[in-house]
Amino acid sequence: MEGKETEGMLKMTTDKRQQKRSRSDREEERDRLSELPDCVVLHIMEFMDTKYAVQTCVLSKRWKDLWKRLTYLGFNTTLFNNVVKFNKFVSRVLSGRDGSVSLLNLEFTRRGMAEPKLFNRLMKYAVLHNVQQFTVSLNLSFRQSFEFRPYIFSCESLTFLKLSFNSFDTSIVALPGSLNMPALKSLQLEAVSFTARDNDYAEPFSTCNVLNTLILDGCSLHKDAKFLSISNSSLSSLTISGSFEGGAYKIALSTPNLSSLTVTGHNNHTISSACNLSFLEEVTIDTLGYTLFPNTDLLIISWLQVLTNVKILRLYSGTLLTILRDISNPVSVSTQPPCFVQLKSLILANQPSADISFEQLKRAVEYLLQNSPQRRID
């Protein structure tokens, strides 16, 4: 009996020690977490969606108002059960955030039908708090109109802007004639329209003095604009992706320092240049040059004649098939093949959707290089 009692007492003592040690470990872990300085906690929060960052206020009394000093805000409807809760959350964050803290980065993703009132408030808030990076994705597919107020296009602190709209009508969001964003370095626009100023052409980018990268995806001309002028002496990278919704129009380049050009999608734009593009390093063309629009004969060949200073030319098989179709056209007899004076590498990429035979490939290459002094094919 004495042995069993002794054994029981030892077990109880061991259990108490384990419980005490376990409790001590938990307290140590809790203390270690709560002892983190505010700047470290805030840095961790910057990697979270704002919904989760705000929820950390329940973990510690000291963290109750910490989220109000976030320099990154990310709002995404996929994290909410319904749109009403999402809209209320965004409004409460904008109202409760510490206005003396600059907003460095703002991301807003809205699935379903977007409300212009909330979005315009968000843009205005971003501008007033010196936002540097602003990313927006909105679904406007079933809207006939959208009251878009262009606050963001007068933001002097902005360095990166991405506006992506999912819409069957690209004229719903019309940009102002001029963009007053002196610090902007990178601009991505999807499904917007460009407005003409006092003349018949749109020239929105000439006032963006440090713009380096420009991506246009499915954009169009608004109302009376006849063509788009991309005029910018600092621009080095340009991507033009066409769409059926955006239509076909003329694009005039005045980009003397352009080094990279990519043309993709259902692209039927007529491209010309006011300069010889002497710094053009690389051109990629991945488009079939559809003939659904008038005056598109020899379209891709006309692009290449503008881009003769390119050093690396990458063409996809669908593009090559379009070129072969065009040079079979009697109209091509009077058209000289392009003369690539600095071409160092011609890269041909095959596509399963546009398979090309060796004979077709050989014929296309012979046509493209017949006037070029340097010939090396990758």
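Only a predicted model underlies this, so the values are computations on that prediction, with no experimental measurement involved. Values below: every heavy atom of this structure, side chains too, minus hydrogens, waters and symmetry copies.
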Look at the side-chain heavy atoms of Ile, Leu, Val, Met, Phe, Trp and Tyr, link any pair under 4.5 Å apart, and say whether Leu315 and Val365 land in one connected group. yes
Taking all non-hydrogen atoms of both residues into account, name the closest pair between Glu156 and Pro182 and its distance. CA-CD, 3.9 Å
Distance-minimising heavy-atom pair for Leu158 and Met181: CD2-SD, 3.9 Å
Exactly one candidate in Ile327, Leu368, Ile323 meets side chain to side chain contact (heavy atoms under 4.5 Å, CB included) with Arg363; the answer is Ile327
Verify the neighbour count for atom NZ of Lys51: are there more than 12 heavy atoms of other residues, nucleotides or ligands below 6.0 Å? yes
Can you tell me if Gln305 uses its side chain to pair, donor with acceptor, with the backbone of Pro338 under 3.5 Å? no
Backbone N or O of His222 within a donor-acceptor pair of the Ser193 side chain at under 3.5 Å? no
Asn212 versus Ser236, side-chain donor and acceptor atoms under 3.5 Å: yes
Could you walk me through whether Thr170 and Ser220 pass the side-chain hydrogen bond (donor to acceptor under 3.5 Å, both in side chains) check? CA-CA 6 Å; Thr170 57; Ser220 66; 2.6 Å; yes
Please report the interatomic distance CG(Leu184) to CD(Gln132), rounded to the nearest 0.5 Å. 12.0 Å
Once the angle between the rings of His43 and Phe47 is folded into 0 to 90°, is it parallel (under 30°), tilted (30 to 60°) or perpendicular (over 60°)? perpendicular
Show the numbers, then the answer: is there a side-chain contact (heavy atoms from CB on, under 4.5 Å) between Arg149 and Glu147? CA-CA 6 Å; Arg149 297 182 180 178; Glu147 187 184 353; 2.8 Å; yes
Side chains of Asn276 and Asn309: does their closest heavy-atom pair fall under 4.5 Å? yes
Examine Ile152 and Leu187 and state if one hydrophobic cluster contains both, with Ile, Leu, Val, Met, Phe, Trp and Tyr joined whenever side-chain heavy atoms are less than 4.5 Å apart. yes
Identify the two heavy atoms, one from Leu140 and one from Ser167, that lie closest to each other, and give their separation to 0.1 Å. O-OG, 3.9 Å
Pairwise side-chain contact, Leu122 with Val90, heavy-atom cut-off 4.5 Å (strictly under): yes
Distance-only, no hydrogens or angles: does the Asp49 side chain make a donor-acceptor pair with backbone N or O of Tyr52 under 3.5 Å? no
Evaluate the side-chain proximity of Leu324 to Asp326: yes if any heavy-atom separation is below 4.5 Å, no if none is. no
Do you know which of Asp286, Thr284, Thr262 makes side-chain hydrogen bond (donor to acceptor under 3.5 Å, both in side chains) with Arg314? Thr284
More than 12 non-hydrogen atoms from neighbouring residues, nucleotides or ligands closer than 6.0 Å to CD on Gln55, yes or no? yes
Cys219 side, atom SG; Phe165 side, atom CZ - distance, nearest 0.5 Å: 10.0 Å
Answer with yes or no after comparing the ring centroid distance for Phe119 and Tyr151 against a 6.0 Å cut-off, counting only values under it. no
Side-chain heavy atoms under 4.5 angstrom apart, residues restricted to Ile, Leu, Val, Met, Phe, Trp, Tyr: same cluster for Leu42 and Ile44? yes
How many angstroms lie between OG in Ser317 and CG in Leu348, if you round to the nearest 0.5 Å? 9.5 Å
Please report the interatomic distance CG(Leu299) to OG1(Thr322), rounded to the nearest 0.5 Å. 9.5 Å
Of all the heavy-atom pairs spanning Met45 and Leu66, show the shortest one and how long it is. CE-CD2, 4.1 Å
Determine whether Phe75 and Val93 satisfy the following criterion, side-chain contact (heavy atoms from CB on, under 4.5 Å), listing intermediate values before the conclusion. CA-CA 10 Å; Phe75 302 110; Val93 170; 3.8 Å; yes
Parallel, tilted or perpendicular, judged at 30° and 60°: which one describes the rings of Phe80 and Phe89? tilted
Tell me if the NZ atom of Lys162 is crowded by more than 12 foreign heavy atoms within 6.0 Å. no
Cation-aromatic face contact Lys226/Tyr249, 6.0 Å, 45 degrees: no
Side-chain touch Thr109/Thr78, heavy atoms, less than 4.5 angstrom: no
Quick check: do Phe279 and Leu258 have side-chain heavy atoms less than 4.5 Å from each other? no
Looking only at the aromatic ring of each residue, does the gap between the centers of Tyr201 and Phe227 stay below 6.0 angstrom? yes
For Phe205 and Ser229 the tightest heavy-atom approach is CD1-O, 4.5 Å
When you measure from the side chain of Thr159 to the backbone N and O of Lys185, does any donor-acceptor pair fall under 3.5 Å? no
Just do the side-chain contact (heavy atoms from CB on, under 4.5 Å) check on Leu103 and Arg97 with the steps written out, would you? CA-CA 10 Å; Leu103 182 60; Arg97 185 178 174 274; 4.0 Å; yes
Could you tell me whether the side chain of Gln133 and the main chain of Leu161 form a donor-acceptor pair under 3.5 Å? no
In Å, rounded to the nearest 0.5 Å, how long is the span from CG of Leu163 to CG of Leu138? 8.5 Å
Check for me, please, whether Leu214 and Leu253 land in the same ILVMFWY cluster - side-chain distances under 4.5 Å, paths through other members count. yes
Between the side chain of Asn76 and the main-chain N/O of Leu79, is any donor-acceptor distance below 3.5 Å? no
What do you reckon, are the aromatic ring centroids of Phe134 and Phe160 less than 6.0 Å apart? no
Report whether Leu94 and Val127 are members of the same hydrophobic cluster (ILVMFWY, side-chain heavy atoms less than 4.5 Å apart, transitive linking). yes
Could you check if a side-chain atom of Val192 sits within less than 4.5 angstrom of a side-chain atom of Leu216, using non-hydrogen atoms only? no
For Asp98 and Asp65, run side-chain contact (heavy atoms from CB on, under 4.5 Å): C-alpha distance rounded to whole Å, both residues' side-chain angles, the deciding distance at 0.1 Å, then the answer. CA-CA 9 Å; Asp98 185 349; Asp65 296 320; over 6 Å; no
Tell me if a side-chain donor or acceptor on Ser178 pairs with a main-chain N or O of Pro204 at a distance below 3.5 Å. no
Would you call Leu321 and Ile356 a side-chain contact if the rule is heavy atoms closer than 4.5 Å? yes
Backbone of Leu175 reached by a side-chain donor or acceptor of Thr195 within 3.5 Å: yes
Between CG on residue Asn267 and CD1 on residue Ile251, distance to nearest 0.5 Å: 6.5 Å
Between the side chains of Glu203 and Arg197, is the shortest nitrogen-to-carboxylate-oxygen separation below 4.0 Å, so that they form an ion pair? yes
Under the 3.5 angstrom rule, does the side chain of Thr287 hit a backbone N or O of Gly265 as a donor-acceptor pair? yes
Hey, does the side chain of Arg325 reach the backbone of Asn329 with a donor-acceptor pair shorter than 3.5 angstrom? no
Do the side chains of Thr255 and Leu238 get nearer than 4.5 Å, heavy atoms only? no
Closest non-hydrogen atom pair between Asn371 and Cys339, with its separation: O-SG, 3.0 Å
